[in-house]
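Hydrogens, waters and symmetry mates play no part in the numbers below; they use all other heavy atoms, side chains included. For clarity, every value in this text was computed on a predicted model and none was experimentally measured.
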Amino acid sequence: MNSNRLSHLKELEAESIFILREVAAQFESPVLLFSGGKDSIIVSWLARKAFWPAKIPFPVMHIDTGHNFTETIVYRDWWVKQLGVKLIVRSVQDSIDQGRIAEEKGVNASRNALQTTTLVDAIQELKFDAAIGGARRDEEKARAKERFFSHRDEFSQWDPKNQRPELWNLLNGRKSLGEHFRVFPISNWTEMDVWQYILSEKIPIPSIYFTHERDCFVRDGVIYAHSPFVQLKPNEKIEKRTVRFRTIGDMSCTGAVTSEASTLEEVINEVASTRVTERGSRIDDKRSEAAMEDRKKAGYF
Amino acid sequence: MYKDFDQNKVPVKNDFSSEGYLDMELLRFTTAGSVDDGKSTLIGRLLYDSKSIFEDQYEAIRASSEKRGEGYVNLALLTDGLRAEREQGITIDVAYRYFATPKRKFIIADTPGHIQYTRNMVTGASTANVAIILIDARKGVIEQTKRHTYIASLLRIPHLIICINKMDLVKFQAEVFEKIRKDYETFAGRLEGSDRHFIPISALKGDNVVDASLNMNWYKGPTLLHMLEEIPISDDYQKGSARFPVQYVIRPMNEAYHDFRSYAGRISGGTFSKGDSVRVLPSGLKTKIKAVFLGEEELEKAFSPMSISIVLEDDIDISRGDIIVKADEPMVVTQDLDVMLCWMAEKKLELQGKYLLRHATKEVRCVIKEITYKVNISTLENEPENKTVGLNDIARVVIKTTAPLFIDSYNQNRSTGSFILIDEGTNVTVGAGMIS
């Protein structure tokens, strides 16, 4: 057997680093979208590798819904300092205050969909021509059709039926004035790949990915963290539970899983034995069969 | 057929954080076919039997199958992710699916098989290690089989697995399998490239997909999954000469790395080691590799398809688009390209038309000098009289570039032997070419 064999993690890493370098080479003003979740942490880790010993040649931007887990924000500020990059924060609250969008009403209100307007406004205001995200094709079926370099027209819209073919290593980032690209360097990674890479590279991640005790309540079979951002229904009770999070989004729409996993090894084996996708705990995807496709067409991540 | 769905019964016995699970090979394969071939059933079977379908995914497609009034759980809904695809019941685009066994990780580029989606098949094939060709045992080798095989051969997919499917409908007869294999070899014999493997299967019943068939004792070969797990692929990347197209120049310009400069890129063939004598193209200047880095980790050697950065002994002017090669492995330099071109746009290819050509990390302008012939992708005949090249057509074309390119033939190197054409008016990728 050939001794020059790459592991799946190293091959995925090589592909992602290649894409990140293409972004730096083909675009004038890229930005890395950072949520504090594991996927955007991985992308920033890969970006550091891609340009070492130079600093990452683009800033990091957080679209802040104001409904974050405290742990995520602490991690974000620490991690950005480690990377030595500039952090830009644009907040959904500002968009609401400016009358650009209206807060959703009712017990299931979430600011998830509202992020789109804040993001699109920020891209236009700061004249970014490429927004790098941590979306993966295995997450959701509309995302399975995404390109590495995904074109957005001047209204930030995605046209899934009319995408540019991507062949070999040849990425076409050419665009007209006012248009931009969304770039997804870890498209081909699965949830398991991400966890295994975090383990093998010893990447620090926010504590809420591991087991902890927390005030929770249950709604429609999903365990939620109790927070000031969610209104309880009369029959819902707050109780202490031992949980961890598989994905990190808004407190208002991210479900927790009951778990005792306190190490990466335990998390990985838990992921391996779980029979529900990670987005199964995300209420934002459950609104309709084409929920993600519709949000993406409008400019969502 | 998936009525017994109960994945809770499967406890995980293996430690997925152990050494072996962190070091698996990645195999990319493509499947081309239409609904009738049983392609979706086959993919569904692979995903299902490898426990890669999750409960909520299964529940979602079960509910939508029911809503659509379908009598069974339609596994095609797993891959048909766009609303238009679900409405029309067809796969329009390339869909990527992922699954793993304890031996390998797999990426499936699932592409539609109809003639009007040739460009999607070409796209899916461009990065594949393996192509699965499906043949309906009742129908044998048909036009579509030939077209799929031709595309796999044109795109130089290294390995072909020909699955003779629906063996249950021909009473699992060895004679049927043997006759189709012979017919296939008769027409495929003249095509270059790939090695070919034949497996008799029933995707619906599961024969020879994951588990060996009890109905076909006459077949002594491996099952499809076993073959996907074992087929050697690491040589696919490293055959041929060492090539390093420069993607980006890294200059930290800070105190700690004052005069540091490295060249970033992805090795697209062969190996590069510290101390190697190299030549930089187009300048032709010779120097040596001082260091090879992956991130901050210094390596003794690196190989395709790794993304690395290289520090050279001498201070040479190098920028994006240049190519670093081993000093004794020259490249052809030319402005005239004889190519096979797959056209991917509604607007037809124009003779004397000008396009932007991207080859590796370099972009040049070019003009179409000659349309030598169009390939009739139904009969696979060359048609020299036919010069009209539209969406999904494949043609042999002569191109002249405005600046010299350093090239390999596609045969020798899938990266430095390929290019895309871009329409400067719309910025859209309109063609994909392979250098003869």
Give a yes or no answer on whether the side chain of A:Q196 reaches the backbone of B:Y21 with a donor-acceptor pair at less than 3.5 Å.
yes
A:R164 side chain vs B:N427 backbone, donor-acceptor pair below 3.5 Å
yes
So which part of [X] gets closer than 4.5 Å to some heavy atom of chain A, the side chain, the backbone, both or neither?
X      : answer
B:L27  : neither
B:D23  : both
B:R358 : both
B:M306 : both
B:T361 : side chain
B:A100 : neither
B:S415 : side chain
B:Y96  : both
B:V122 : both
B:I420 : both
B:I267 : neither
B:L22  : both

If we define contacts as heavy-atom pairs under 4.5 Å, which of [options] has the most with chain A?
options                        : value
B:A360, B:A125, B:S307, B:S262 : B:S307
B:P252, B:G295, B:S126         : B:S126
B:M344, B:K105, B:M253, B:Q247 : B:Q247
B:V428, B:V430, B:T426, B:T123 : B:T123

With side chains defined as the heavy atoms from C-beta onward, is the minimum distance between [X] and [Y] less than 4.5 Å?
X      : Y      : value
B:L155 : A:W168 : yes
B:R266 : A:E15  : yes
B:S418 : A:N169 : no
A:T190 : B:F99  : no

Residue [X] versus chain B: region with a heavy atom under 4.5 Å:
X      : value
A:R21  : both
A:N188 : both
A:E13  : side chain
A:Q26  : side chain
A:S16  : neither
A:E166 : backbone

Nearest 0.5 Å please: distance from the NE2 atom of A:H8 over to the CZ atom of B:R104.
13.0 Å
Top residue by heavy-atom pair count (under 4.5 Å) with chain B, among A:K175, A:M192, A:R137, A:E265?
A:R137
Who among A:A50, A:A25, A:G173 has the most heavy-atom pairs with chain B under 4.5 Å?
A:A25
Using the six-membered ring wherever Trp is involved, compare the ring planes of A:W52 and B:F260 and label them parallel, tilted or perpendicular (cut-offs 30° and 60°).
perpendicular
Checking A:R48 now: which residues fulfil salt bridge (Lys or Arg N to Asp or Glu O under 4.0 Å) with it, not counting sequence neighbours?
none
Within 6.0 angstrom of A:E28 CD, more than 12 heavy atoms from elsewhere:
no
Please evaluate residues A:E22 and B:R320 with respect to the criterion side-chain contact (heavy atoms from CB on, under 4.5 Å), reporting the C-alpha separation (whole Å), side-chain torsions for both, the decisive distance (0.1 Å), and the verdict.
CA-CA 10 Å; A:E22 279 303 287; B:R320 175 174 167 88; 2.9 Å; yes
